[in-house]
Amino acid sequence: MATTTISNGAAIAQDWPGRYYHVDQVLDRPGPRTDESFLAGEGVKDFLRNKCKILVIGAGGLGCEILANLALSGFKDIHVIDMDTIDISNLNRQFLFRPKDVGKPKATVAAAFIMSRVPGVKVTPYYGKIQDKDDDYYLQFNLVICGLDSVEARRWINATLVNLVDPENPESLKPLIDGGTEGFKGQARVILPTISSCYECSLDMLNKPTAFPICTIANTPRLPEHCIEWASVLEWPRVHGDKKLDTDDPEHIGWLYKIASARAQEFKIEGVTWSLTQGVVKNIIPAIASTNAIIAASCCNEAFKIATSSAAYLNNYFMLIGTDGVYSFTFEHEKRADCPVCGGEAVDMTISKELTVDKFIETLIERQDIQIKKPSLSSGSKHIYFQAPQQLEEATRPNLEKTVSELVDDGGEITVTASSLPFSLSLRIHYS
Amino acid sequence: MLQNESQDIEAATATLQAQPDSKTRRYDRQLRLWAASGQAALEAARILVTSGSATSTSVLKNLVLPGIGHFTILDASTTAPADAGNNFFLNADASIGKPRAAEAVPLLRELNDSVDGVADVRDLAALLDTPEGRQFVAGFSLVIAHNLPKTTVEKLADLLWQDPLYPPLMVVRSAGFLADFYIQFHEHCVIESHSETAPALRLTKPFPALQAWADSTDYDTLDPTEHAHIPFVIILIKEADKWRAEHNGALPKAYAEQKAFKAAVLARQKKLDEENFEEAEAQAVRLWTEKGVPSDVQALLDLPALAPDASPNVAFHALLQTLRAFVSDPAGPGTLPLTATLPDMKTDTESYVRLQWQYKEQARVENVRFKELLRATHPDVSIDDALADAFVKNAHHIKLLRGRPFGAFARDAAALASALDMAPKETLTHLGLNALSAVLERSAEVTPEALTAEIQAAVGAGVVLPEDELENVVEELARAPTADLPNTAAFLGGMLAQEAIKMVTKQYVPVNGYCVVDLIGSTTGVVGAV
């Protein structure tokens, strides 16, 4: 380990002569594609190394890479949030962790590693959820970088940063840089909340999650996946009652594997394996160090360029496909005027006059640009249906059977909310 | 669960796999991409990296983590203060003054116990001047070179081009936000390309059992449940037969005909919610797009072989020639061998399993025929069954890339002129990096003017270069001519490792040509492909 001066967790800055030989080449003078506002030399170095405060969300595959890149680039005040602990399957890519760290919080271990390797960098970990933190917490940062694998968490931080923007106060606008990978593919993007396309604007670009209809699972299984779904969705609750399925428990996976294999054999279906069982029930996405390195580097490069103005930054989406050669596509994703988070306009929806509230809710859940799992609906001051609290749910439950047209006039608005999302969606209803 | 039911399950699942071992668990997320065969290839690979720069150690990190067999860092230099500042795999200022390779190796090895790593402090240029040194370099399975001096990289590339059995060479050059990289290989053959295009289902040329099933299916005698579960494969074969009978044996061609065909398929629905007919309508496109031999595979069949004895791909070429024989075999289907993999479809379990069994059986028959042809035409080539099986199974997706020596593109006036026209930014960045090596080599000051003069000399005095793009490249290079930026290094480290994994596992398809990276615009582009 480095012979650096760390006492009581507080890092002491120690910049040896020549430490920033490489980075300083782009900070000491502008290039042909550098904005005029660039303060070459000491001004920009002082901001980067002494003033800039950056938040990293996620200390996993992308997060480990992001922390190392930021530290080497000269960011000295880095905060990191992660709610997970280290698993053995992380070790093929999350390079700040060793076998002895399995079970420990990712944020804490990653922060300690970076501080021991890169002298003078302070990394402040938080082992917990992003939702634990309030607006004041997020307001303290200049930039936020996300390396998450959860759509829900991304929607939350995106909406939170958009809501934080106060037009009177330019400091309240926190650039959000978001990365994601899957196998040899990935993407990195820059979001300037309220100014450029936000995460919610592009929700319909996500692949639709594979969902198997219950009738296929129950009656006409064809694929090994159908047998595994049968074991986890139908058999587990039937046999174990209220006991929750823990997809990290090998005993539980083993049970599902056994039940799925038996069903597959009954129907002469081939291909149920331990690995497939685990993959289906945990929705495992393949992940490798190299793709994470590319996407994390891209995110940190944008953070560096935004923080220093040393070069133009990404506008605003970089997509990489590395399965067949190296193919990438850089484009400007457009802001959606009817984006529920940053758009302001209501989404127009045309539905049948006969559609019941119940079926209407199903439509909302399935819509790729909305994706709300448990929506509550109201129109003006009128409650249409509420998922919680219980009393309100009971009071509004009879409305599920009614048609939407009984409750809302043509051209009227419905407000959709969900407890998992810090924003509401306005729908303007028309009848066909 | 009932007693006897649970006993049935015990009996039925007596041969279950145990929970995976810790190695499989550690590598789970990558085994889902390249399987045990790819992992074994990685573990057998020996990689030489010719420096301990930030970019070099970034590449190595991404190869040590997934479990490459061995790496050697060849680097005669000592750690400079600048290295200690931009390289995560050095002990910061404590490494200053110590050999860079020896400082980096333990910090890389601690990422993965199963990887062997060696620091070699000899000088590459000197090694290339001796027969033993050249033999040493040529003994690895892959060589990766970052920002080598111009003459050294040229010598290295010349050496490794001399024999097709020598390892591929990956050359990467970077300066500030700009970079390019190139893989030098004679030929690279891929059986498992993991292409996402679906293999043919033989809908226009059904094999006998499939045709018999279609012929014996009578829509009118089926009960409503059976009717709603006829697999789309059978529906399309029936409808195609009917169409051909009414159109002089031709399938729908023009858009209007295709539309009419789809409408006819949908009109077969007895009830509005028969999803199998909707699926047949959606899949009808296969009838006019599926080819017996896809055009990219056809191009490989027509490719003249490289000198057969000198190729490391003797087996692949034998399989390719057998494939050509299979396709033209009068007793065969006149197509590529059938792949047994069926997509899911709206049908009942029994029909699906029956269909799957028929495809498997036909695929088996054709596989046997393929191997007969292989033995008859190539009695002297030793190819194990597993390799032949993989080839037949992936025949729709095989790839073969042919390459040129490093630097050949910049000497090819016609290719350059066309690339300057099609991709001026990428081409000029590549030429700019060539120019930068030349200027640095003679220890001259790197100025936009010096770089421009080099580029102009390389393309020829008469060639007019696009002014704005040229200025952007030479000024950016002159701004940071020797900067190995941490983010650029990490980006290239990921890119090079991805390509190295593809080369070593012979799975997925590596890049052919110079991949040019611009981390200001955040773009990549490829120029100079053969």
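All chains are named by letter (A, B, ...) in the order of the sequence lines, taking the proteins before the strands, and each is independently numbered beginning at 1.
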Quick check on A:I285 against chain B: is it the side chain, the backbone, both or neither that has a heavy atom closer than 4.5 Å?
backbone
Have A:N292 and A:T181 got a donor and an acceptor in their side chains that come within less than 3.5 Å?
yes
Smallest separation among heavy atoms of A:F212 and A:E225, with atom names:
CZ-CB, 3.7 Å
Please check: side-chain N/O of B:Q39 versus main-chain N/O of B:L31, any donor-acceptor pairing under 3.5 Å?
no
Please classify the contact between B:T482 and chain A as side chain, backbone, both or neither, with a heavy-atom cut-off of under 4.5 Å.
both
Bottom line for A:P30: the part with an atom under 4.5 Å from chain B's heavy atoms is backbone
Under 3.5 Å, is there a donor-acceptor pair between the side chain of A:E235 and the main chain of A:W230?
no
Per-residue contact mode, A:E302 against chain B (heavy atom under 4.5 angstrom):
side chain
Sort A:T273 into side chain, backbone, both or neither according to what part of it lies under 4.5 angstrom from a heavy atom of chain B.
both
Considering only heavy atoms, which portion of A:I253 lies under 4.5 Å from any heavy atom of chain B: side chain, backbone, both, or neither?
neither
Which answer fits A:I288, side chain, backbone, both or neither, if we ask what part of it has an atom under 4.5 Å from a heavy atom of chain B?
side chain
Of the backbone (N, CA, C, O) and the side chain (C-beta and beyond), which part of A:K305 lies under 4.5 Å from a heavy atom of chain B, both, or neither?
side chain
Can you tell me which portion of A:W16 sits under 4.5 Å from chain B's heavy atoms? Options are side chain, backbone, both or neither.
side chain
Test your reading of the model: is there a side-chain donor-acceptor pair from A:D101 to the backbone of A:R98, 3.5 Å cut-off?
yes
Tell me whether B:K502 contacts the main-chain N or O of B:V509 through its side chain, where contact means a donor paired with an acceptor under 3.5 Å.
yes
Contact part of A:Y20 toward chain B, heavy-atom cut-off under 4.5 Å: side chain, backbone, both or neither?
neither
Strictly under 6.0 Å, is that where the ring centroids of A:F318 and A:F329 end up?
no
Looking only at B:V526, B:V353, B:V59, the option with the highest number of non-hydrogen pairs under 4.5 Å against chain A is B:V353
B:D113 portion near chain A, given a 4.5 angstrom heavy-atom threshold:
neither
